[in-house]
Amino acid sequence: MATIQKVKNKKGFSYRVIIRNKGLKTITKTFPKRQLASQFIHKIESDRQTRASYSSKNDTMSFSELVSEYLDNDYQGSRVEQQKARAKHWVVVVR
């Protein structure tokens, strides 16, 4: 079952999707627009393979793996090398 919660934050409102299925992990994700949240729900609930991949994510990801995945896939900034240097610093500090 999926729900959308309206969440107030500094920039206004965002929408948190919570999908709970018996026997699977809870999936949560936040979106800036309600339409994006409902599209995500339809995508997850219509495709079993996508739902299984979200539910079976590895919980034991290390911080360095998380940082490298973030820099490789999600970072949208203009100073990639500077961001990598900062992230490398925090990887060393956390260890």
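In this chain, numbering begins with 1 at the start of the sequence shown.
Remark: Lys88 engages no residue in a side chain to side chain contact (heavy atoms under 4.5 Å, CB included) (not counting sequence neighbours). Evaluation of the side-chain hydrogen bond (donor to acceptor under 3.5 Å, both in side chains) rule for Arg34 yields no partner, not counting sequence neighbours. Phe13 pairs by the ring-ring contact (aromatic ring centres under 6.0 Å, His included) definition with nothing, not counting sequence neighbours.
Going from atom OG1 of Thr30 over to atom CD1 of Ile4 covers 11.5 Å, rounded to the nearest 0.5 Å. Taking CD of Glu45 as the reference point, atom CD1 of Ile27 lies at 9.0 Å (rounded to 0.5 Å). A distance of 10.0 Å separates NZ of Lys33 from CD of Gln39, quoted to the nearest 0.5 Å.
Listed here is the closest heavy atom pair of Ile19 and Ile44: CD1-CG2, 3.8 Å. His42 approaches Ser38 most closely through the heavy-atom pair CD2-O, 2.8 Å.
For Gln82, the CD atom sits in a packed shell: over 12 heavy atoms of surrounding residues, nucleotides or ligands are nearer than 6.0 Å.
No side-chain heavy atom of Tyr15 sits less than 4.5 Å from a side-chain heavy atom of Gln5.
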